[in-house]
Colleague: 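The following block contains the structure, expressed as structure tokens.
So that the names make sense, note that chain A is the first sequence line, chain B the second, and so on, each numbered from 1.
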Amino acid sequence: MSYPFSDIESKWQKRWEEQGAFRAVMGKSASSKKYYLLEMFPYPSGRIHMGHVRNYTIGDVMARFRKAQGCQVLHPMGFDAFGQPAENAAIKKGVDPAAWTYDCIAQMRDGLKKLGISYDWDRELATCDADYYRWNQWIFLKMAEKGLAYRAKSPVNWCPSCQTTLANEEVIDGECWRCHSKVDPKLLEQWFLKITAYAEPLLNDLDKLAHWPDRVRAMQRNWIGRSEGVEIFFSVKGTGEKLPVFTTRPDTIFGATYVVLAPEHPLAKKLSAGTPQEKPVAAFAEAVARRSKIERTAEGVNKQGVFTGGYAVNPVNGETIPIWIADYVLMEYGTGAIMAVPTHDQRDFLFAKEQKLPMRVVIQGGEGGGEGAYVGEGVLVNSAQFSGLKNTDAKKKIALWMEEKGHGKRVTQWRLRDWLISRQRCWGTPIPMIYCAACGVVPVPEDQLPVRLPEKLPITGEGGSPLAKVKEFVETTCPCCKKPARRETDTMATFFDSSWYFLRFCSPKETQLPFDPKEAAHWMPVDQYIGGIEHAILHLLYSRFFTKFLKDIGLLSVDEPFTRLLTQGMVLKDGEVMSKSRGNVVDPDGVIEKHGTDAMRLFILFAAPPEDQLEWNDSGIDGVDRFLNRVWNLVERLDGYAPTESNGTETKELRRITHATIKRVTDEVDAFKFNTAISALMEMRNAIEKSWGKVPTDAARESVEALVCLLNPFAPHIAEELWQKLGHSDLLAIRTWPAYDPTLLTQSEVSIILQVNGKLRSKITLPKDAPAEQVKASALADPAVQKWLEGKAPRDIIIVPNRLVNLVI
RNA sequence: GCCGAGGUGGCGAAAUCGGUAGACGCACAGGUCUCAAAAACCUGCGGGGGCAACCCCAUGAGAGUUCGAUUCUCUCCCUCGGCACCA
């Protein structure tokens, strides 16, 4: 018979809510530290899944634990409610996206409440509320004011299936992150955020994030992609036109035997014009343009290119070398032009070999021998006055020298691109801009915010943006000249919404600003953030950018939003990610019905460390279910507890285990080692069971009460119920964490292992801290040890106090 | 290629300022209870050898340091994740 989890769970959920147990209040007492714990808020798809359960359960353990430790905890929840699924539902089922979304939110909220997470529901927000998105618009206008939001025509990623543009961060392996369609290049005029203006601090401040996983920091570092080098000013022979190339290897400048432009480089057309190369160059550029970026940059693709007919002059030696175009040079990076050094760059080598272009060795290092470019370190040769220098030294010297001579300048290149935020979708935040025939692009004045979405959106899925079809929306007057003007009909990428929601939670009802700076100064930064690794770059990079921007305009005092980050592992079934198409989805509701929320939470926390993948296992949950029932039974049996024999040793040992477990669970929860903390509780329960009837009532009660208190963050409903059954009237949810008595932790006797030559041969029990002489004598007297010593005296005896003796012969 | 994480029983996993490898749990096997089953409870459970005491082997592979290595160093192998014709 299982304990009545169903009644218990709803009972305590109601009780917590009635008593406002989890309401976050800005504390006045200096003694209680603030603790802002946040889990990445969900998209309201309607149902919660095991991934959500895991994410929020991990957070809840920490939130309840910190609260018990006396922190003022802020633990809010909301919904990332704009986005395409609502539009897709509108297209498919003809529903109103707003109605659909709010419906889903209601369902999600119910589902979350059934998990018993300690949220402050008073702070709930949804990004699709005008009260929220008006501040998206406000922030956007501030960025525009600072020149950080701008409109530009450039090649962008277009998802043909989603019918919208995408940010670079949203393109994974050339595919749309959402629908996995192949992304097409398209030349469009769009809104961008100048995240590149923050490239340097975004990179450098990663070093401050000591409590972020290494891999997330590494991924961001890769993504931002800083690279230091020199822009070298080649010139075009004949015209003298400047042709800058970017290189990280100025030490190889004397080995440059040709120059390569990206096929779309404007100079290519110019150079070939009127030469026999005009046609081949145009044909090649067109052929490359037709191929997608993935095709073009795929591994193993042969490098192709043609001669432009033009020549460049190397500024350091006046040498004239041919200018080619080739598909392996990208217009977006550097200057779209490179100097080719086939002897010391593998790509240049392959191309030069194919096209039979000249090569010249300028670095000598070790035995080259093999096929290809030598990219190692070495000594410069054929490099004028720099010959004989180590190439690592020459790098700096040549760069400085070129700068002096005006042959080039040192530059830093970034891989990071500006963030394209325009979306040709309607279920998002309208971009607050107006186009006026006379005044041009005019921002919507602040006092006219929010620019609201129309009530009825004509979503058909065909014929372009629905917003553009709503006359009342599009048609407006110019704020400057008051003449008729047209509104921007694109909306913002939803990652904009989620880039600052953690700030809104600090003061969700603030009406003058996106958030109250005083509240933010108190609660920020988020002390612990928890979410999936899929946001390692996207959301986590954008949020860092927003935080830095909002600091720069004086609203924030912190420059990083999330002090600690935990990326929880995925929930798998049969070794695979749960998904509808695989048919291996385990529905949380079904588990709750069968085992209760507490058992589900406990299993998820017990089966693997939070960062690791978690394999869902139906019989695994039976195991934790059994444990909870055993704890339940302990409390029930305590009522008629009557010790048959009272034994001092047993009592001392049970108390030692009890207090040692309090210490262990405290330390382990603090370090997110929930799986071992739970196993410590299981061991403690086993110990109580073993001592049952052999210890006095007060010792048994002390242990059982401690067990219930320690169980609380993991399985809060059963813990509250048992606490009440134990005769208490206070709520565990707001009760102080148990303390341990350090004097009870020590054992009077210790087991010491005896090794001969490092191999375990025997064990003895001695009083704790026995003197070395006594330990040595006892070890030598041990029969098993004597057998292995074969009468010989040990050459050396190593004693590790209270642990082991190793006899070396 | 570069960067990051990791490799321990049948399974999920413990143990790393070097000190009893496999805690805790699952599965499995045997037992108690029962007319029977379920539940519950008890016992066993890395591999090999031995009636047993006990012995040998074992933390991806190989070397090294050490009285002693899952833990430290080096060289490989493999898995997962990210970036990548980025000049």
Colleague: I want to check one thing: is the phosphate of B:G68, taken as OP1 and OP2, less than 4.0 Å away from some side-chain N or O of A:Arg761?
Modeller: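 False: A:Arg761 side-chain N/O out of range (4.0 Å or more) of B:G68 OP1/OP2.
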
Colleague: Any idea how A:Phe5 and A:Tyr3 line up, ring-wise: parallel (<30°), tilted (30 to 60°), or perpendicular (>60°)?
Modeller: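 Plane angle over 60°, so perpendicular.
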
Colleague: Nearest-Å distance, CZ (A:Arg215) to C1' (B:G82)?
Modeller: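 These atoms are roughly 9 Å apart.
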
Colleague: Rounded to the Å, how far apart are A:Glu534 CD and B:C83 P?
Modeller: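 To the nearest whole Å, that distance equals 14 Å.
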
Colleague: What nucleotide among B:C26, B:G25, B:G82 has an atom nearest to a side-chain atom of A:Met682?
Modeller: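 When the side chain of A:Met682 is considered, B:G25 is the closest of B:C26, B:G25, B:G82.
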
Colleague: Mind checking who B:C35 pairs with, Watson-Crick or G-U wobble, both distances under 3.5 Å?
Modeller: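 Per the H-bond distance test, none.
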
Colleague: In Å and rounded to the nearest 0.5 Å, what is the CG to CD distance from A:Asn633 to A:Glu689?
Modeller: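 Separation between the atoms: 9.0 Å.
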
Colleague: Can you figure out which of B:C55, B:A27, B:C83 approaches the side chain of A:Ser619 most closely?
Modeller: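 My answer, after comparing the listed nucleotides, is B:A27.
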
Colleague: Can a side chain N or O of A:Arg626 be found less than 4.0 Å away from OP1 or OP2 on B:C41?
Modeller: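 Negative; the distance criterion is not met.
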
Colleague: B:G18 and B:C67: how far apart are their C1' atoms, nearest whole angstrom?
Modeller: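 The answer is 12 Å between these two C1' atoms.
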
Colleague: Could you give the distance separating B:A69 and B:A63 at their C1' atoms, to the nearest angstrom?
Modeller: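 Rounded to whole Å, the distance is 13 Å.
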
Colleague: Of the non-hydrogen atoms in A:Ala312 and A:Phe234, which two are nearest, and what is the gap between them?
Modeller: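 Shortest heavy-atom separation between A:Ala312 and A:Phe234 comes out as CB-CD2, 4.1 Å.
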
Colleague: Distances under 3.5 Å between protein N/O atoms and the N/O atoms of nucleotides 13-20 of chain B, please, pair by pair.
Modeller:
from	atom 1	to	atom 2	distance (Å)
B:A13	O3'	A:Asn675	ND2	3.4
B:A14	OP1	A:Asn675	ND2	2.8
B:G19	O2'	A:Arg803	NE	3.1
B:G19	N2	A:Gln755	OE1	3.1
B:U20	O2	A:Lys763	NZ	2.9

Colleague: Remember a base hit wins even if backbone is also touched, and classify A:Gly225 as base, sugar-phosphate or nothing at under 4.0 Å, heavy atoms.
Modeller: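 Counting heavy atoms under 4.0 Å across all strands, no contact is made by A:Gly225.
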
Colleague: More 5' along RNA chain B: A:Thr248 or A:Ile678, using each one's nearest nucleotide?
Modeller: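 Whichever sits nearer the 5' end wins; that is A:Ile678.
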
Colleague: Please give the nucleotide sitting opposite B:A15 as a Watson-Crick or G-U wobble pair, both distances under 3.5 Å, or none.
Modeller: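 Answer to the pairing question: none, since B:A15 forms no Watson-Crick or G-U pair.
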
Colleague: Tell me which nucleotide, if any, is Watson-Crick or G-U wobble paired with B:C28 when both distances must be under 3.5 Å.
Modeller: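 Because both required distances fall under 3.5 Å, B:C28 counts as paired with B:G44.
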
Colleague: Using the C1' atom as the point on both nucleotides, what is the distance between B:A84 and B:C2, in whole Å?
Modeller: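 My reading of the C1' atoms in B:C2 and B:A84 gives 8 Å.
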
Colleague: Quick check for you: among B:A87, B:C26, B:C56, whose closest atom lies nearest to any side-chain atom of A:Phe246?
Modeller: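 Shortest atom-to-atom distance from the side chain points to B:A87.
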
Colleague: Between A:His539 and A:Phe562, what is the ring plane arrangement, given parallel below 30°, perpendicular above 60°, and tilted in between?
Modeller: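 Judged by the thresholds at 30° and 60°, the geometry between A:His539 and A:Phe562 is tilted.
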
Colleague: What is the distance from CG of A:Asn686 to P of B:C41, rounded to the nearest Å?
Modeller: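 So the two atoms are 10 Å apart, to the nearest Å.
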
Colleague: Could you let me know what B:U75 is paired to, Watson-Crick or G-U wobble, both distances under 3.5 Å, or none if it's on its own?
Modeller: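 The base-pairing partner of B:U75, which may sit in any strand shown, is B:A61.
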
Colleague: If you compare every side-chain N and O of A:Trp223 against the phosphate oxygens of B:C3 (OP1, OP2), does one of them come in below 4.0 Å?
Modeller: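 Looking at the OP1 and OP2 atoms of B:C3, neither is under 4.0 Å from any side-chain N or O of A:Trp223.
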
Colleague: Could you please name the option among B:G25, B:A23, B:A87 that lies closest to any side-chain atom of A:Ser227?
Modeller: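 The answer is B:A87.
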
Colleague: Syn if the chi torsion is within 90° of 0, anti otherwise; quick check, which is B:G60?
Modeller: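 You should classify B:G60 as anti.
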
Colleague: When you measure from the side chain of A:Glu170 to the backbone N and O of A:Ala167, does any donor-acceptor pair fall under 3.5 Å?
Modeller: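 Yes; judged by distance alone, with no hydrogens or angles, the pair exists.
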
Colleague: With a 4.5 Å limit on heavy-atom distance, are the side chains of A:Ile797 and A:Val808 in contact?
Modeller: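 The answer is no; the side chains never approach within 4.5 Å.
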
Colleague: Taking a pair as Watson-Crick or G-U wobble with both distances under 3.5 Å, which nucleotide is matched to B:C83?
Modeller: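 WC or wobble partner is B:G1.
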
Colleague: If we take the P atom in both B:A27 and B:G81, what is their distance in whole Å?
Modeller: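 Looking at atom P only, B:A27 and B:G81 are 30 Å apart.
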
Colleague: How many Å lie between CG on A:Asn629 and C1' on B:C41, as a whole number?
Modeller: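 Spelled out: CG on A:Asn629 to C1' on B:C41 is 14 Å.
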
Colleague: For the residue pair A:Ile325 and A:Phe351, what are the closest heavy atoms and their distance?
Modeller: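 For A:Ile325 versus A:Phe351, the nearest heavy atoms are O-CZ, 4.4 Å.
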
Colleague: Taking all atoms of both residues into account, what is the closest heavy-atom pair of A:Trp788 and A:Ile809, and its distance?
Modeller: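 Result for this residue pair: O-CD1, 3.7 Å.
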
Colleague: Starting at the 5' end of RNA chain B, which residue's closest nucleotide do you reach first, A:Arg685 or A:Arg417?
Modeller: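 Closest to the 5' end, via its nearest nucleotide, is A:Arg685.
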
Colleague: Sticking with atom C1', work out how far B:A14 lies from B:C33, rounded to a whole angstrom.
Modeller: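 To the nearest whole Å, 34 Å.
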
Colleague: What interatomic distance, in whole Å, is found between C1' of B:U65 and the corresponding atom of B:G7?
Modeller: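 Their C1' atoms lie roughly 23 Å apart.
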
Colleague: Could you tell me how far apart A:Leu330 (CG) and B:C83 (P) are, to the nearest whole angstrom?
Modeller: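 Between P of B:C83 and CG of A:Leu330: 16 Å.
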
Colleague: When all nucleic acid strands are considered with a 4.0 Å heavy-atom cut-off, which category describes A:Trp616: base, sugar-phosphate, or nothing?
Modeller: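 Contact class for A:Trp616: none.
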
Colleague: Quote, to the nearest angstrom, the P distance that separates B:U59 from B:G9.
Modeller: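 Each nucleotide's P atom is 10 Å from the other's.
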
Colleague: B:G81 C1' sits how many Å from A:Arg217 CZ, rounded?
Modeller: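 Value for this atom pair: 17 Å.
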
Colleague: Could you tell me how far B:G4 sits from B:A58 if I compare only their P atoms? Round to whole Å.
Modeller: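 So the two P atoms sit 32 Å from each other.
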
Colleague: With side chains defined as the heavy atoms from C-beta onward, is the minimum distance between A:Met50 and A:Val591 less than 4.5 Å?
Modeller: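 The answer is yes, as the side chains (C-beta and beyond) meet within the 4.5 Å cut-off.
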
Colleague: For B:C51, give the paired nucleotide (Watson-Crick: N1-N3 plus N6-O4 or O6-N4; G-U: N1-O2 and O6-N3; both under 3.5 Å), or none.
Modeller: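 Its partner is none (no Watson-Crick or G-U wobble pair with both distances under 3.5 Å).
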
Colleague: Could you tell me the Watson-Crick or G-U partner of B:G9, where both distances fall under 3.5 Å? Say none if there is no partner.
Modeller: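 With both distances under 3.5 Å required, B:G9 matches none.
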
Colleague: Could you tell me how far apart A:Arg221 (CZ) and B:G82 (P) are, to the nearest whole angstrom?
Modeller: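 Nearest whole value for this atom pair: 18 Å.
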
Colleague: So what's B:U70 paired with, Watson-Crick or G-U wobble, going by both distances under 3.5 Å?
Modeller: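 Pairing partner, where one exists within any strand: none, as none qualifies.
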
Colleague: Figure out the NZ/P separation between A:Lys573 and B:C11, and round it to whole Å.
Modeller: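 It works out to 18 Å between those atoms.
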
Colleague: Do A:Arg564 and A:Trp212 meet the cation-pi criteria used here (NZ or CZ under 6.0 Å from the six-membered ring centre, within 45° of the axis)?
Modeller: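 Relative to the ring axis of A:Trp212, which defines the angle, A:Arg564 lies outside at least one limit.
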
